[in-house]
Amino acid sequence: MSDSLPTTPDAVRQRAAAADNRRRRKARPASRQWRRRGLMTAYIVFVLLPIYWLLNMSFQSNTEILGGLTLWPEAFTFEHYAKILTEPSWYMGYVNSITYVLMNMLISIAVALPAAYAFSRYKFIGDKHLFFWLLTNLMAPPAVFLLPYFQLYYTVGLFDTHIAVALAHCLFNIPLAVWILEGFMSGVPKEIDETAFIDGYSFPKFFVKIFIPMISSGIGVTLFFLFMFSWVELLLASTLTSTGAQPIASVMTQTKGASGIDWGTLAAAGTLTILPGIVVVYFVRNHIAKGFALGRT
């Protein structure tokens, strides 16, 4: 006995709309579909072309780079990557950058989690004004805080250290983290907190074992933005360091020598600079996809 289709007015209208959509798709000219595919392909090529060109230059000698336009290296060379991976002045730039970025992410997320919880769960005098004041820090360029940070760190002996750059980036990353996390935490019902306390959970145990796993997507999105800002920021990182904690972005600006700019090494360094971002996106990709759909971002 075959199942009969529902004959309610809503069901009939839905079937009619689906059939009409199928007829429209079949009747759509093939030229329009090819035009859309062509535009999408052109856009992807336009976006990826600089990255391909950077990778292409990193495998060419400086003579070939300056000699003319080549879409593919005529003679592959790994000398630029070997130079970066063997000379301390180069590879320590990556170590320094990764060190202060990780320190900043740890400090920012540790401060932002309880702060965002307070903003999402409690009402107190001036809470809206304080929340807005935190966001105003994001509206000022880093150059505004450059001189006071430099004088302060030089006086207390933090100049040219990883922690100096990490703390300086907290001025921008902590408000951003609080803003993102507060949106995720506000979406969690308060009844969960009350139920956990009734069941005998202390606040630290509830916060770590129950609450944080529920906002894991928000934490993933937050860590992504923290990494993105701290990794690409150059002004504070280069000014607050000299040799001991110099970031890779600052090292890349010193490739000009007596024979000119070392374009191949600069291209190889740029290629390696993209890799940490790809790794971070790969590990938090699922959280980012959920976070962009659910959170304040």
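Here the closest heavy-atom approach between residue Tyr91 and residue Leu85 is recorded as CD2-O, 3.6 Å. Taking every heavy atom of both residues into account, Ser61 and Thr77 meet most closely at N-CG2, 3.8 Å. Minimum interatomic distance between Asp127 and Phe119 (heavy atoms only, all atoms of both residues): O-CE2, 3.5 Å. In this structure, Val251 and Gly93 approach most closely via the heavy-atom pair CG2-CA, 4.4 Å. The two residues Ala75 and Glu64 make their nearest non-hydrogen contact at N-OE1, 3.9 Å. Minimum interatomic distance between Trp90 and Ala269 (heavy atoms only, all atoms of both residues): CZ3-CB, 3.6 Å.
Aromatic rings from Tyr117 and Phe184 are positioned such that their centres are separated by 6.0 Å or more. Aromatic rings from Tyr153 and Phe159 are positioned such that their centres are separated by 6.0 Å or more.
Ring planes of Trp72 and Tyr52: parallel class, angle under 30° (limits at 30 and 60°). Ring geometry for Phe76 against Phe59 counts as tilted: the plane angle lies between 30° and 60°, on a 0 to 90° scale. Between Phe203 and Phe197, the two ring planes are tilted [angle within 30° to 60°].
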Is there a side chain to side chain contact (heavy atoms under 4.5 Å, CB included) between Ile109 and Leu181? Walk through the geometry before answering. CA-CA 9 Å; Ile109 202 70; Leu181 291 172; 4.0 Å; yes
Determine, step by step, whether Val188 and Phe211 satisfy the side chain to side chain contact (heavy atoms under 4.5 Å, CB included) criterion, reporting the C-alpha distance in whole Å, the side-chain angles of both residues, the deciding distance to 0.1 Å, and the verdict. CA-CA 9 Å; Val188 178; Phe211 196 76; 3.8 Å; yes
Run the numbers on Tyr154 and Gln151 for side chain to side chain contact (heavy atoms under 4.5 Å, CB included), then give the verdict. CA-CA 5 Å; Tyr154 192 82; Gln151 185 178 16; 5.9 Å; no
Decide yes or no on side chain to side chain contact (heavy atoms under 4.5 Å, CB included) for Leu66 and Trp263, but give the supporting numbers first. CA-CA 9 Å; Leu66 300 175; Trp263 295 106; 3.7 Å; yes
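Note on Met185: it does not cluster hydrophobically with Val208, by side-chain heavy-atom contacts below 4.5 Å among ILVMFWY residues. Hydrophobic clustering (ILVMFWY, side-chain heavy atoms < 4.5 Å, transitive): Val47 and Val232 are in distinct clusters. Tracing side-chain contacts under 4.5 Å through hydrophobic residues (I, L, V, M, F, W, Y), one reaches Phe78 starting from Leu275; they form part of the same cluster. Linking Ile, Leu, Val, Met, Phe, Trp and Tyr whenever their side-chain heavy atoms come within less than 4.5 Å leaves Val95 and Leu234 in two separate clusters. There is a path of hydrophobic side-chain contacts, each under 4.5 Å, that joins Tyr122 to Val178.
In this structure, the separation between CZ on Phe145 and CG on Leu152 is 13.5 Å, given to the nearest 0.5 Å. With rounding to the nearest 0.5 angstrom, the CZ atom of Arg121 is 6.5 Å from the NZ atom of Lys190. We find the CG-CG distance between Leu266 and Leu54 to be 8.0 Å, quoted to the nearest 0.5 Å. One finds the CD atom of Glu79 at 11.0 Å from the OG1 atom of Thr86 (value rounded to the nearest 0.5 Å). The CD1 atom of Ile248 lies 9.5 Å from the OG1 atom of Thr253; values are rounded to the nearest 0.5 Å. Between the CG atom in Asn96 and the OG1 atom in Thr161 there is a gap of 10.5 Å [rounded to 0.5 Å].
Between the side chains of Ser186 and Glu182, a donor-acceptor pair is found at a separation under 3.5 Å. Side-chain atoms of Asp193 and Tyr201 include no donor-acceptor pair closer than 3.5 Å. Using a 3.5 Å distance cut-off with no hydrogens or angles, the side chains of Gln246 and Ser250 do pair a donor with an acceptor. With no hydrogens or angles considered, a side-chain donor-acceptor pair links His169 and Ser230 at under 3.5 Å.
Within 6.0 Å of the CZ atom in Phe124, the count of heavy atoms belonging to other residues, nucleotides or ligands exceeds 12. Atom CH2 of Trp53 sits in a crowded spot, with more than 12 heavy atoms from other residues, nucleotides or ligands closer than 6.0 Å. Within a 6.0 Å sphere centred on CG of Leu48, other residues, nucleotides and ligands contribute more than 12 heavy atoms. Annotation: Glu87, atom CD; neighbour count of heavy atoms from other residues, nucleotides and ligands within 6.0 Å is above 12.
The backbone N or O of Asp262 sits nowhere less than 3.5 Å from a side-chain atom of Thr265 that would complete a donor-acceptor pair. Listed for the Ser108 side chain is no donor-acceptor partner under 3.5 Å among the backbone atoms of Cys170. Remark: the backbone N or O of Gly264 is paired with a side-chain donor or acceptor of Asn62 at under 3.5 angstrom. Remark: the backbone N or O of Leu235 is paired with a side-chain donor or acceptor of Glu233 at under 3.5 angstrom. Side chain of Trp231 to main chain of Thr273: a donor-acceptor pair is present (N/O by atom type, distance under 3.5 Å, no hydrogens or angles).
Counting heavy atoms from C-beta outward, Leu171 and Tyr149 have side chains that approach closer than 4.5 Å. Side chains of Phe172 and Leu236 form a contact here, defined as non-hydrogen atoms less than 4.5 Å apart. The shortest side-chain heavy-atom distance between Arg35 and Met40 does not fall under the 4.5 Å cut-off. The shortest distance between side-chain heavy atoms of Trp133 and Leu130 falls below 4.5 Å. In this structure, Ile212 and Phe207 have side chains that are in contact, with non-hydrogen atoms separated by less than 4.5 Å.
Residues passing the side chain to side chain contact (heavy atoms under 4.5 Å, CB included) test with Ala268, sequence neighbours excluded: Ser58, His80, Tyr81, Ile84. Taking the side-chain hydrogen bond (donor to acceptor under 3.5 Å, both in side chains) definition, one finds that Asn56 meets it with Gln60, sequence neighbours left out.
Tested against Thr222 for a side-chain contact (heavy atoms from CB on, under 4.5 Å), the candidates Leu113, Ile180, Ile215 yield a single pass: Ile180.
Applying the salt bridge (Lys or Arg N to Asp or Glu O under 4.0 Å) rule to pairs touching residues 143-163 yields nothing, sequence neighbours excluded.
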